[in-house]
Amino acid sequence: MQDSQLIETQNLVKKFPMGRETLVALDNISLSFSKGEFSGIIGPSGSGKTTFLNIIGTLDVPSEGNVNVLGAQVENLSHKEAAQLRNRHIGFIFQTFNLLPVYTVFENVEFPLLLQGVPVDKRKQAVMDALDWVGLADRAKSRPNQLSGGESQRVAIARAIVKKPSLILADEPTANLDAENSHNVLQTMVQLNQELEATFIFSTHDEKVIQYLRRKISLIDGKVVKDEAMDLVAQPS
Amino acid sequence: MFRFLLKGVLRDRSRSLFPVLVIVAGVMLTVFMYSWLSGVLNDMFDSNASLQTGHVKITTRAYAAQSVQRPNDLAIIGVDSLIAECEAKFSDMVWLPRIEFGGLIDIPDENMETRAQGPTFGIAAKILSKNSIEKDLLNLEQAIVSGRMLQQSGEILIADEFAKKLKVNLNETATLISSTMHGSTSLYNFTVVGTVHFGINAMDRGAIIADLADIQTALDMEDAASEVLGFFDDFHYKIKKSGLVSEQFNKLYSDPQEEFSPVMVALANQNGLADMLHMATAGISIIVGIFLFVMFVVLWNAGLMGSIRRYGEIGVRLAIGEDKGHLYRAMLMESLIIGVIGSLIGTAIGLTFSYIMQYKGIDMGSTMKNSTILMSNIYRARVTTTSYVIGFIPGILATFLGTAVSGIGIYKRQTSQLFKELEV
């Protein structure tokens, strides 16, 4: 794996037992992702997008093949090592935001740093920086139920980026947002990708997201059918 | 992290309210029932110690063997010298001679014919002696219903209920018909100078109180007493120390081959009190155990319900990178916070009820009419140092165990489906 590469999969296969049958969710996938990419795995439901994200996010292990994420072989990681890798280097953004409802915006964003044991002063500064990036510094004391969908997703982004991860995985991040909020959220992500040089990998079939991607990897029935780099200028503003 | 967890517990009522209420109820009942049992037990010990057993009691071996019959023919002779030796050897104790006796009280009419008669049980103590503590020990000043305290030789106090039954008035003569320690009949006239209410059914039915010297004369017991009671000088019963004192005394003075040799028995080993003490200790353990188990089961289920309700939160935390062990420990820490809060509130409420019952008590006299146990009719709670802490055992342990068992599910949670699960 080259130095600039964050992720490399070689002949990745993921199978799920389905009664007597075996479902092949990912079939012999060999891909690599470099630092600073803004890529998306595109495909219809059941094509294997989320399974791929699960594996490169160290939430699952491959059935066959090798997966190297940030220098670690995913198939060899213990639960604890995988959790540590996620905690320090991987940010997650979910379709349904998944903010912790009893905590404030500040506390939600602070949580990953608490797990890392970051000292309180640095923690406070990092959280406010992250909220500044997503334009929600003035909502730090609000609770998730006081936020709109777009604001909630921006808080989720702040929570993902607060630890300055090398890799951010976003699963259908605009599925619960209207067009205007989707664009706002995606603009924020593009900006963060450029400023923080964090690698973004999306799983999506949403056209609103697809038009922002600089690399589109199309999956159908667990196989890569197209892997195309897009012209940067073509991105919507 | 602790502050983070504390905020979660305080803000999320569905996470904390039900478990806290369960713990408050269990802890409150544990504290109250412990204090109540302690109070009843303590009253029983105090009543027995003051009236009959002392913290330790010396009798002859023969008297001890038949003590139920109060056989004064087997009384200790040379009691003054025995007390002097005890005072020298056990200087932190107070030694008091007593005579317990039975007989008949006869109330004569103006022609000195029997007007009324009834069986009596009497206690003779050094009431008229200078600096006597017997009045306080027997609580006589407070117990007098009518008349006055003994002031001179030849006077007795009689249980108020007994006096009413005999229809005897103050300053009337009452004749004690009994037997001397040598077996001959004894008739001795006393003047009734007061009636008393002991608050103990066994005594209120027919007891009289007389000065020791009078009864020694009446029963021909010069320098003799049925028993010598020993009290620790702070008048607090010490179960272990009383056992050691008894052991030491018996080693020095008691001869198993000599039936008139003295023998000392500690309070806990008299009147079946040791059994009662064991029963009470077992009772307290059972109470704590029952509440611990019930709360554990309830909180275990509450923990399972909570895990289902917080399924999404747990999933997010695992995805963010909290390892399962950390998450499990965080859940345990939350349960400890809930346990401590619930235990504090439960203990405060339990102590409040216990203090109220310590001062007010409940009069159970009507249920103890035929009781022969020397025990106050008013049952009171007693708040001790243990009352402040005992509730924390089931309170904290139950929440901890409940969460520990229900939280095992965290280790079974698969991370491989988190993205799918968190889309819901």
Side-chain angles (χ1 to χ4, degrees), chain A residues 14 16 25 49-55 57-62 78-104 107-117 120 123 143 156 159-160 162-163 165 169-172 175-176 203, chain B residues 1-20 306-331 333-335 337-338 341 407-424:
Chain A
K14 182 65 185 178
F16 294 108
K49 306 185 297 288
T50 304
T51 305
F52 185 75
L53 236 54
N54 268 334
I55 291 172
T58 73
L59 293 169
D60 203 355
V61 289
S78 66
H79 276 294
K80 196 165 185 170
E81 287 165 341
Q84 271 179 358
L85 188 68
R86 291 197 298 275
N87 181 21
R88 296 193 180 277
H89 301 295
I90 304 174
F92 289 88
I93 297 168
F94 304 97
Q95 189 183 120
T96 47
F97 327 133
N98 286 299
L99 301 178
L100 307 178
V102 296
Y103 294 104
T104 63
E107 289 157 354
N108 264 281
V109 178
E110 183 188 28
F111 184 64
L113 301 180
L114 273 174
L115 293 179
Q116 288 183 13
V120 64
R123 211 163 63 214
R143 295 277 185 89
R159 182 175 64 186
V162 70
K163 56 194 177 186
L169 302 176
D171 187 28
E172 307 279 11
N176 285 316
S203 146
Chain B
M1 197 68 189
F2 176 80
R3 283 184 64 189
F4 185 83
L5 297 175
L6 183 63
K7 281 177 195 169
V9 167
L10 295 178
R11 287 177 195 165
D12 186 4
R13 284 193 187 167
S14 51
R15 188 184 306 183
S16 52
L17 188 62
F18 178 68
V20 165
S307 299
I308 293 167
R309 197 177 55 78
R310 296 171 68 188
Y311 198 73
E313 179 200 328
I314 292 166
V316 174
R317 288 170 65 167
L318 289 171
I320 285 174
E322 186 168 10
D323 84 74
K324 289 177 176 177
H326 189 276
L327 186 52
Y328 186 65
R329 288 192 296 277
M331 295 285 178
M333 180 62 80
E334 272 184 18
S335 75
I337 293 169
I338 289 169
I341 292 171
I408 289 170
I410 289 170
Y411 286 98
K412 293 181 179 167
R413 181 87 179 258
Q414 296 294 321
T415 56
S416 57
Q417 294 298 313
L418 279 179
F419 265 125
K420 284 270 182 236
E421 288 167 2
L422 294 172
E423 280 172 14
V424 180

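Order of the sequence lines fixes the chain letters, A, B, ..., with proteins taken first and strands second; residue numbering starts at 1 for each chain. This is a predicted model, so every value here is computed, not measured.
- Rounding to the nearest 0.5 Å gives a distance of 12.5 Å between NZ of B:Lys7 and CG of A:Leu100.
- For B:Ala319 against A:Phe92, the heavy-atom pair with the smallest separation is O-CE1, 3.1 Å.
- Scanning both residues, B:Asp323 and A:Ala83, for their nearest heavy atoms gives CB-CB, 3.7 Å.
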Between A:Leu115 and B:Phe4, does the side-chain contact (heavy atoms from CB on, under 4.5 Å) criterion hold? Intermediate values first, please. CA-CA 11 Å; A:Leu115 293 179; B:Phe4 185 83; over 6 Å; no
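- Atom-to-atom distance recorded for B:Arg11:CZ and A:Tyr103:OH is 7.5 Å, nearest 0.5 angstrom.
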Residue pair B:Arg3, A:Glu107: steps toward the salt bridge (charged side-chain N to carboxylate O under 4.0 Å, His left out) verdict: CA-CA 11 Å; B:Arg3 283 184 64 189; A:Glu107 289 157 354; over 6 Å; no
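- Looking at every heavy atom in both residues, B:Ile320 comes nearest to A:Lys163 through O-NZ, 3.4 Å.
- Only the side chain of A:Arg143 comes within contact range of chain B, judged by heavy atoms closer than 4.5 Å.
- Distance check: B:His326 NE2 to A:Lys80 NZ gives 9.5 Å after rounding to the nearest 0.5 Å.
- For chain B, the nearby parts of A:Thr104 are the backbone and the side chain; heavy atoms of each come within less than 4.5 Å.
- Neither the backbone nor the side chain of A:Arg88 comes within contact range of chain B; no heavy atom of the residue lies under 4.5 Å from a heavy atom of that chain.
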